[in-house]
Amino acid sequence: MIEISRIRENKEEVVDRLKVRGLDASSDIEKILELDQQWRAKKQEMDSALAEMNKISKDIGALFQQGKKAEAEEAKKKTGELKERSQTLKTEFSDLENEINTLLLNIPNIPNPAVPEGATEDDNEVIFEKGEIPSFGFNALPHWDLATKYDVIDWELGVKVTGAGFPIYKNQGARLQRGLINFFLDEAIKAGYSEYVPPFVINEDSGYGTGQLPDKEGQMYHITTDELYLIPTSEVPLVNTLRGDRVKKEDLPIKLTAYSPCFRREAGSYGKDVRGLNRLHQFDKVELVMASDQESSYDELDKMVEHVKGLLQKLELPYRILRLCGGDLGVTAAITYDFEVYSTAQERWLEISSCSNVETYQANRMKLRYKDEDGNTKLCHTLNGSALALPRVIAGILENHQDENGIKIPEALVPYVGFERIQ
RNA sequence: GGAGAAUUGGCAGAGUGGUCGAAUGCGGCAGUCUUGAAAACUGUUGUACCGCGAGGUACCGGGGGUUCGAAUCCCUCAUUCUCCGCCA
């Protein structure tokens with residue numbers, strides 16, 4: 001949720017920057033400002049009615065204490081109308097407040113000036129490319145066929161137990177999975193992140209805190225008997241550990257990492273996008289989360305991007321980095337760098353990581369604050385990045401490291417998985 | 001799952017209907033003393049919102065209610081602790 005002060009102070013800038021997303025927010029912004037005016041006037045009116053009420057109550061108290069019962073009873077009679085009025089004002093006031101909040105919640109984050117304008121993924125900006133795309137002298141297979149050929153993933157078994165989008169990893173596939181998780185966590189710890197094991201279900205407040213609710217409830221699995229949700233990413237529990245906190249500036253940045261399964265309903269997906277490991281209802285991921293002060297968040301984002309680069313290099317995968325255009329940017333992000341690995345067999349790039357600076361958008365919702373040098377209370381900036389999402393990594397390894405009779409495990413990973421080849 | 005107790009400011013802890021945004025202690029900050037530090041002493045010290053300001057409003061786990069008036073009474077939810085039961 002963007003700060004209303006930002007709209008009050010820089011209306012034009014807010015509207016202009018949102019255009020980068022292909023969004024014309026001008027009428028919403030005007031509406032918010034208009035309601036904000038009314039809200040302030042109503043608050044003054046309500047406060048003075050309450051003040052009057054408080055004063056009379058005090059007087060009555062004093063009269064009773066002095067034993068002047070008759071006068072007190074007299075004063076009581078006068079409160080009825082005033083009480084009714086302040087109750088009406090309270091209702092009107094909170095109605096206005098709700099209306100403003102609803103509008104504010106619907107406004108996505110303001111893109112950073114570096115975000116290119118554009119509507120679709122074709123407008124994303126490639127800012128870095130590394131690694132050689134292998135050319136195979138044999139008939140290279142896509143990962144879903146390789147997975148079956150070497151018996152590392154069982155698609156049908158997952159369908160039997162649960163449904164489509166819940167594959168079962170077997171044998172060397174399971175060990176690869178486990179090794180990757182440990183590898184990513186160790187790398188994150190080396191980079192200064194604290195490892196957490198968070199809950200994999202969250203309550204409603206947490207959903208609101210990071211921005212999954214009220215908008216995207218359809219994307220989460222909802223446990224209605226207990227009003228809990230399965231996490232779509234461990235970003236949600238990790239960031240929410242800080243909800244409502246007032247942190248010391250010297251403790252920033254706070255860097256957290258966690259492994260978790262991620263659950264996504266992915267309603268509306270179809271076709272080649274969901275083939276094999278490309279899009280699942282349950283997948284494993286190691287996530288990085290950070291809370292920083294406002295001045296250094298972009299330096300921290302750069303460091304996060306460097307960290308992810310290092311991982312892909314150790315996995316010996318050809319990759320590139322995109323700066324997402326406005327139209328492709330998630331609701332909560334001010335800027336996002338996507339990492340994509342080239343899938344040789346599918347002849348397409350697959351998103352493998354996404355690193356975002358959310359600036360104050362989540363911190364404002366969850367009131368995550370720190371005090372700066374001058375003693376002013378400020379909202380933190382929050383950042384998040386995947387390091388990394390496992391299925392895409394496995395797809396990348398299978399497809400790019402295949403030869404005619406097996407798959408070579410990247411050297412850095414061998415100590416973690418305990419074998420050099422899948423065959 | 002059953003029974004009981006509890007939830008107050010950074011922490012500890014008092015407060016059972018009015019003068020309570022809330023005693024007291026610890027901690028924090030500023031000062032006195034000291035070459036410096038400690039100790040002692042003095043003062044100060046919650047947050048948010050509205051207002052140019054004076055000032056005002058809200059907040060004692062969350063939500064609702066009773067009352068002229070609620071930290072205090074009632075309802076409800078959550079959490080914590082103790083005992084019993086069950087269990088990896």
Side-chain angles (χ1 to χ4, degrees), chain A residues 1-9 32-105 197-209 213-214 223-229 237 240-252 254 360 362-380:
Chain A
M1 185 162 76
I2 67 171
E3 299 138 88
I4 193 159
S5 56
R6 218 163 152 182
I7 297 179
R8 284 184 193 146
E9 286 155 23
I32 287 169
L33 284 173
E34 189 189 316
L35 290 168
D36 184 47
Q37 284 291 339
Q38 293 175 27
W39 176 85
R40 290 200 238 183
K42 192 63 76 182
K43 176 159 171 63
Q44 298 239 15
E45 205 183 332
M46 178 184 74
D47 281 357
S48 58
L50 288 173
E52 205 178 326
M53 199 68 196
N54 285 343
K55 184 169 180 314
I56 293 174
S57 294
K58 273 192 180 166
D59 290 347
I60 292 175
L63 287 172
F64 269 120
Q65 225 125 63
Q66 293 160 24
K68 299 177 180 169
K69 286 221 169 67
E71 284 179 53
E73 292 300 334
E74 197 57 36
K76 265 196 200 181
K77 285 179 191 156
K78 290 188 278 187
T79 56
E81 195 192 337
L82 185 56
K83 193 181 178 183
E84 209 171 296
R85 200 177 122 232
S86 59
Q87 224 118 48
T88 312
L89 286 169
K90 270 189 196 172
T91 312
E92 290 170 354
F93 175 78
S94 67
D95 285 350
L96 278 170
E97 203 163 59
N98 289 337
E99 214 178 324
I100 292 169
N101 275 334
T102 306
L103 284 169
L104 276 178
L105 281 170
V197 181
F200 301 157
V201 285
I202 49 138
N203 60 28
E204 232 177 2
D205 285 346
S206 293
Y208 278 96
L213 298 174
I223 305 165
T224 49
T225 43
D226 296 300
E227 272 310 316
L228 298 172
Y229 296 86
N240 273 289
T241 60
L242 302 167
R243 170 151 46 88
D245 282 3
R246 195 172 275 282
V247 298
K248 295 199 190 112
K249 188 173 181 188
E250 57 265 33
D251 293 337
L252 296 172
I254 295 168
T360 58
Q362 289 173 335
N364 186 39
R365 286 185 171 215
M366 62 169 69
K367 300 296 171 230
L368 167 56
R369 294 167 293 195
Y370 68 99
K371 259 197 167 84
D372 70 7
E373 291 80 358
D374 304 323
N376 298 316
T377 299
K378 285 185 158 178
L379 292 168
C380 291

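For the numbers below, each heavy atom of this structure counts, side chains included, while hydrogens, waters and symmetry mates do not.
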Enquirer: Distance between the C1' atoms of B:U35 and B:G46, in whole angstroms?
Expert: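 Pairwise C1' distance, B:U35 against B:G46, rounds to 39 Å.
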Enquirer: Can you sort out which residues in residues 197-208 of chain A have a heavy atom within less than 4.0 Å of RNA chain B? Ascending by number, please.
Expert: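 Residues of residues 197-208 of chain A that come under 4.0 Å of RNA chain B do not exist, since none gets that close.
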Enquirer: Using the C1' atom on both, measure B:G62 against B:A71 and round to a whole Å.
Expert: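 Taking atom C1' in both B:G62 and B:A71, they lie 15 Å apart.
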Enquirer: Checking base pairs now: Watson-Crick or wobble, both atom distances under 3.5 Å. What partners B:C86?
Expert: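 With both distances under 3.5 Å required, B:C86 matches none.
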Enquirer: Within a reach of under 6.0 Å around CD of A:Glu250, are more than 12 heavy atoms found that belong to other residues, nucleotides or ligands?
Expert: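 Yes, CD of A:Glu250 has more than 12 neighbouring heavy atoms, counting only those of other groups under 6.0 Å.
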Enquirer: Quick check on A:Glu84: does its CD atom have over 12 non-hydrogen neighbours (other residues, nucleotides or ligands) under 6.0 Å away?
Expert: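 For A:Glu84, atom CD is not crowded (no more than 12 foreign heavy atoms under 6.0 Å).
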Enquirer: Would you kindly give the CG-to-P distance between A:Leu63 and B:U19, to the nearest whole Å?
Expert: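 Spelled out: CG on A:Leu63 to P on B:U19 is 14 Å.
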Enquirer: How would nucleotides 48-64 of chain B be written as a contact map, 5' to 3', with B for base contact, S for sugar-phosphate-only contact and - for no contact, using protein heavy atoms under 4.0 Å?
Expert: SBSS----BBS------
Enquirer: Pairing check on B:U35: which nucleotide meets the Watson-Crick or G-U wobble criteria with it, both distances under 3.5 Å?
Expert: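 Result: none.
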Enquirer: Among all residues two or more places apart in sequence or in another chain, which pass the salt bridge (charged side-chain N to carboxylate O under 4.0 Å, His left out) test with A:Glu92?
Expert: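 A:Lys42.
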Enquirer: Any strand counts, and the cut-off is 3.5 Å on both contacts for Watson-Crick or G-U wobble. Which nucleotide pairs with B:G53?
Expert: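 No nucleotide pairs with B:G53.
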Enquirer: Decide yes or no for A:Glu73 and A:Lys76: does some side-chain heavy atom of the first lie under 4.5 Å from some side-chain heavy atom of the second?
Expert: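 Answer yes - side chains close enough.
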Enquirer: Would you mind building the protein contact string for nucleotides 67-72 of chain B? One character per nucleotide, 5' to 3', B for base within reach (heavy atoms under 4.0 Å), S for sugar-phosphate only, - for untouched.
Expert: -BS---
Enquirer: On a whole-Å scale, what distance lies between the P atoms belonging to B:C29 and B:U47?
Expert: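 Comparing P positions in B:C29 and B:U47 gives a spacing of 15 Å.
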Enquirer: What pairs with A:Glu74 under salt bridge (charged side-chain N to carboxylate O under 4.0 Å, His left out), at least two apart in sequence or on another chain?
Expert: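 A:Glu74: salt bridge (charged side-chain N to carboxylate O under 4.0 Å, His left out) contacts with A:Lys77.
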Enquirer: Can you list everything that forms a salt bridge (charged side-chain N to carboxylate O under 4.0 Å, His left out) with A:Asp95? Sequence neighbours excluded, please.
Expert: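 Result, salt bridge (charged side-chain N to carboxylate O under 4.0 Å, His left out) vs A:Asp95: none returned.
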Enquirer: Measure NZ/A:Lys248 against P/B:C29 and give the value in whole Å, please.
Expert: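 Checked: the NZ to P distance equals 11 Å.
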Enquirer: Would you please name every residue forming a side-chain hydrogen bond (donor to acceptor under 3.5 Å, both in side chains) with A:Lys69, sequence neighbours left out?
Expert: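 For A:Lys69 there are no side-chain hydrogen bond (donor to acceptor under 3.5 Å, both in side chains) partners, ignoring immediate neighbours.
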Enquirer: Provide the Watson-Crick or G-U wobble partner of B:A23, both distances under 3.5 Å; none if there is no partner.
Expert: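 Check on B:A23: unpaired, no WC or wobble geometry under 3.5 Å.
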Enquirer: Suppose we define a pair by two distances each less than 3.5 Å, Watson-Crick or G-U wobble; what does B:G43 pair with here?
Expert: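 When the pairing criteria are applied, B:C29 turns out to be the nucleotide that pairs with B:G43.
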Enquirer: How would you list, by chain and number, every residue that makes a side-chain hydrogen bond (donor to acceptor under 3.5 Å, both in side chains) with A:Asn203, sequence neighbours excluded?
Expert: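 In terms of side-chain hydrogen bond (donor to acceptor under 3.5 Å, both in side chains), with neighbours along the sequence ignored, A:Asn203 is linked to A:Ser206.
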Enquirer: Under a 3.5 Å cut-off for both distances, is B:A5 Watson-Crick or wobble paired, and to whom?
Expert: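 Across all strands, the one nucleotide that pairs with B:A5 is B:U80.
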Enquirer: I'd like the P distance from B:G15 over to B:U80, given in whole Å.
Expert: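 The answer is 26 Å between these two P atoms.
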Enquirer: Going by the rule side-chain hydrogen bond (donor to acceptor under 3.5 Å, both in side chains), which residues pair with A:Arg8 if we only count those two or more places apart in sequence or in a different chain?
Expert: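 For A:Arg8 the side-chain hydrogen bond (donor to acceptor under 3.5 Å, both in side chains) partners, ignoring immediate neighbours, are A:Asp36.
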Enquirer: B:A22 and B:U72: how far apart are their C1' atoms, nearest whole angstrom?
Expert: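 Going atom to atom, C1' in each nucleotide, I get 12 Å.
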Enquirer: Taking only residues two or more places apart in sequence, or in another chain, which ones meet A:Tyr370 in a ring-ring contact (aromatic ring centres under 6.0 Å, His included)?
Expert: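 Partners of A:Tyr370 under the ring-ring contact (aromatic ring centres under 6.0 Å, His included) test: none.
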Enquirer: Applying ring pair (Phe, Tyr, Trp, His ring centres under 6.0 Å), which residue pairs with at least one partner in residues 80-105 of chain A are found, sequence neighbours left out?
Expert: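 Qualifying pairs, neighbours excluded: A:Trp39-A:Phe93.
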Enquirer: Taking only residues two or more places apart in sequence or in another chain, which ones pass salt bridge (charged side-chain N to carboxylate O under 4.0 Å, His left out) with A:Lys378?
Expert: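 Expected list: A:Glu295, A:Asp372.
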Enquirer: How far does the P atom of B:G25 sit from the matching atom of B:A14, given to the nearest Å?
Expert: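 Straight-line distance between the two P atoms is 15 Å.
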Enquirer: Both distances under 3.5 Å, Watson-Crick or G-U wobble: report the partner of B:C68, or none.
Expert: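 Its partner is B:G18 (Watson-Crick or G-U wobble, both distances under 3.5 Å).
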Enquirer: Taking B:A37 as the reference, what is the distance to B:U32 when you measure between their C1' atoms (whole Å, please)?
Expert: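 Rounded to whole Å, the distance is 15 Å.
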Enquirer: Considering only atom C1', compute the distance from B:A88 to B:U7 and round it to an integer number of Å.
Expert: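 Between the two C1' atoms, the distance is 31 Å.
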